[in-house]
Amino acid sequence: MVKPIGFMPSDKPDPITPRPAADMGSAPRMRLASLSEDESAFHEERTLDISARSGDFGVAPNTQPQIRDRAMLLRMDGVGAGQVLSVGQTPFTMGRHASNQLPIDDDSISRFHARFVREEGKYFVEDLGSRNGTFLQGKRIARAEIRDDDWVQLGARVAFRFTLTDARQESLLRKLYESSTRDALTGAYNRRHFEDRLRAELAFAVRHATDCALILLDLDHFKRVNDTYGHPAGDDVLRHMSSIAIRALRTEDVFARFGGEEFAVILRGASTRGAARLAERLREALSQQHAVYEGQEIAVTLSAGCAALSCCATPSPDEVVAIADRRLYAAKQAGRNRVVASD
């Protein structure tokens with residue numbers, strides 16, 4: 001059985017209480033022990049000797065500075081924490097409406113809340129008449145210049161840090177965000193990101209009076225695959241399952257590795273019936289497209305349990321997961337290789 005995820009966030013906006021960015025402090029510096037006179041003389045002589053030669057040690061490192069010409073926003077709050085967003089083309093608008101360059105689903109955010117503009121090489125943030133305000137460095141603003149390392153907050157909860165960086169640092173930041181949200185083996189989202197997204201998607205469904213569905217998938221007799229073919233083959237089977245699911249899903253759907261050989265899919269706006277149709281497509285695709293390891297085909301099947309917000313007596317992540325988990329167990333008990341979407 002799965003562990004509880006936690007409580008649903010309140011649908012009511014929080015009071016506007018902008019909080020200062022955390023003090024990151026400075027990293028401790030390593031101190032080197034002092035060299036004796038003999039050691040210092042040897043070190044100096046050796047350094048001069050190496051510098052004078054033009055052999056393997058004569059190649060100077062590339063010291064050309066990187067150009068910090070990329071304006072970026074780093075998300076500091078909630079499910080999107082760590083996300084890297086480019087503000088390269090302005091105006092760059094943010095708000096709840098889907099036509100914004102950055103749509104933000106938060107009930108403290110206005111439909112068109114704020115925007116970034118660039119003028120004469122400088123960046124400015126402007127409030128677009130929002131209900132709950134735009135804050136720069138903790139102060140509510142109508143329009144103000146934003147500088148490197150400033151932080152901006154929209155409404156009660158949504159916060160970003162603005163930074164000017166170079167191409168190399170941008171790539172590193174994006175890789176760090178990916179590694180914090182993705183399962184390294186399969187490329188699916190990890191369990192922590194899944195739990196955050198499930199809370200957010202259910203809250204969105206409640207606010208917009210729509211449905212949201214969940215599928216729990218489990219590979220049948222997976223231990224037998226590891227015992228027969230070895231764990232590297234089992235890893236290939238997990239990657240194969242992940243690739244099938246990712247190709248079948250919409251951009252807004254969330255595919256995550258729930259644990260071991262178990263996966264989960266969150267479907268925005270879908271009912272239990274819609275989730276069951278997708279689960280059946282995935283089951284058929286996996287049964288027809290075998291994983292291949294070192295030239296040998298490995299046939300596996302899956303079982304699935306489906307649930308939706310409309311199935312719940314009270315709208316909560318714990319309940320929708322519990323219902324899907326119960327139906328997954330029923331599929332296993334009924335002989336595996338099947339989808340169960342009702343009790």
Side-chain angles (χ1 to χ4, degrees), residues 5-6 9 18-30 61-90 92 94 100-106 109 114 116 118 123 125 135-137 146-154 157-201 235 238-239 242-243 245-246 249 251-260 263-266:
I5 290 179
R19 293 166 294 188
D23 183 9
M24 300 302 292
S26 58
R29 297 178 180 269
M30 294 181 63
N62 181 11
T63 58
Q64 184 177 0
Q66 296 289 319
I67 301 174
R68 301 175 65 202
D69 59 351
R70 296 174 183 243
M72 312 296 299
L73 290 174
L74 305 181
R75 186 81 182 259
M76 306 294 290
D77 67 284
V79 65
Q83 186 177 7
V84 182
L85 304 157
S86 173
V87 194
Q89 295 186 350
T90 59
F92 181 90
M94 301 177 289
N100 287 283
Q101 276 73 35
L102 177 59
I104 303 173
D105 177 44
D106 187 284
I109 300 297
F116 288 86
R118 185 180 183 186
Y123 286 89
V125 59
F135 301 82
L136 182 63
Q137 299 292 88
I146 187 167
R147 298 177 175 87
D148 185 32
D149 209 36
D150 281 353
W151 64 278
V152 60
Q153 181 167 321
L154 311 181
R157 291 178 286 272
V158 180
F160 300 90
R161 185 170 295 282
F162 179 81
T163 182
L164 293 172
T165 187
D166 55 54
R168 182 175 57 189
Q169 290 177 329
E170 178 188 354
S171 176
L172 176 61
L173 289 171
R174 293 189 185 279
K175 288 178 181 177
L176 287 173
Y177 176 67
E178 284 292 306
S179 67
S180 71
T181 59
R182 297 281 183 177
D183 173 61
L185 176 64
T186 64
Y189 285 113
N190 58 29
R191 174 71 177 266
R192 178 180 177 182
H193 186 78
F194 161 79
E195 292 177 352
D196 287 342
R197 284 293 300 272
L198 183 60
R199 291 190 192 97
E201 291 297 333
D235 290 347
L238 294 174
R239 284 190 286 263
S242 182
S243 68
I246 291 172
L249 297 177
T251 304
E252 63 268 29
D253 297 332
V254 180
F255 177 70
R257 189 178 180 189
F258 203 63
F263 296 87
V265 184
I266 305 171

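Everything numeric here is computed off the predicted structure, so don't read it as measured data.
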**Report entry** From CA spacing to verdict: side-chain contact (heavy atoms from CB on, under 4.5 Å), E195, R191
**Finding:** CA-CA 6 Å; E195 292 177 352; R191 174 71 177 266; 2.9 Å; yes
Query - Derivation of the side-chain contact (heavy atoms from CB on, under 4.5 Å) call for L73 and M94 - result: CA-CA 12 Å; L73 290 174; M94 301 177 289; 4.2 Å; yes
Query - side-chain contact (heavy atoms from CB on, under 4.5 Å) between R257 and Y189, intermediate numbers included - result: CA-CA 6 Å; R257 189 178 180 189; Y189 285 113; over 6 Å; no
Requested in this report: Please step through side-chain contact (heavy atoms from CB on, under 4.5 Å) for the pair D149 and T163, ending with a clear verdict.
Outcome: CA-CA 5 Å; D149 209 36; T163 182; 5.8 Å; no
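Note that CG of L85 is 11.5 Å distant from CD of Q101, once rounded to the nearest 0.5 Å. To the nearest 0.5 angstrom, D183 atom CG is 13.5 Å from F258 atom CZ. Within the model, atoms CG of L102 and CD of Q83 stand 7.0 Å from one another, a figure rounded to the nearest 0.5 Å. Atom CD1 of I266 and atom CZ of R199 lie 10.5 Å apart (nearest 0.5 Å). T90 contributes atom OG1, which lies 7.5 Å from atom CZ of R118 (distance to the nearest 0.5 angstrom). To the nearest 0.5 Å, atoms CD (E252) and CZ (R197) are separated by 9.5 Å.
A donor-acceptor pair under 3.5 Å is absent between the side-chain atoms of R161 and the main chain of M76, judged by distance alone. A donor-acceptor distance shorter than 3.5 angstrom exists from the side chain of N190 to the backbone of S180, with no hydrogens or angles considered.
Scanning all heavy atoms of the two residues, the minimum distance from F255 to A245 falls at CE1-CB, 3.4 Å. L164 approaches D148 most closely through the heavy-atom pair N-OD1, 2.9 Å. Among all heavy-atom pairs drawn from S242 and T186, the shortest one is OG-O, 3.0 Å. D166 and Q169 get closest at one heavy-atom pair: OD1-N, 2.8 Å.
M72 places a side-chain heavy atom less than 4.5 Å from the side chain of R174. Using a 4.5 Å cut-off on side-chain heavy atoms (C-beta onward), R75 and I104 make contact.
Checked against ring-ring contact (aromatic ring centres under 6.0 Å, His included), Y177 has no partners two or more places apart in sequence or in another chain. Legend: residues meeting salt bridge (charged side-chain N to carboxylate O under 4.0 Å, His left out) with D235, ordered by chain and number and at least two apart, are absent.
The side chain to side chain contact (heavy atoms under 4.5 Å, CB included) with I146 is formed by just one residue from the set W151, F160, F116; it is F116.
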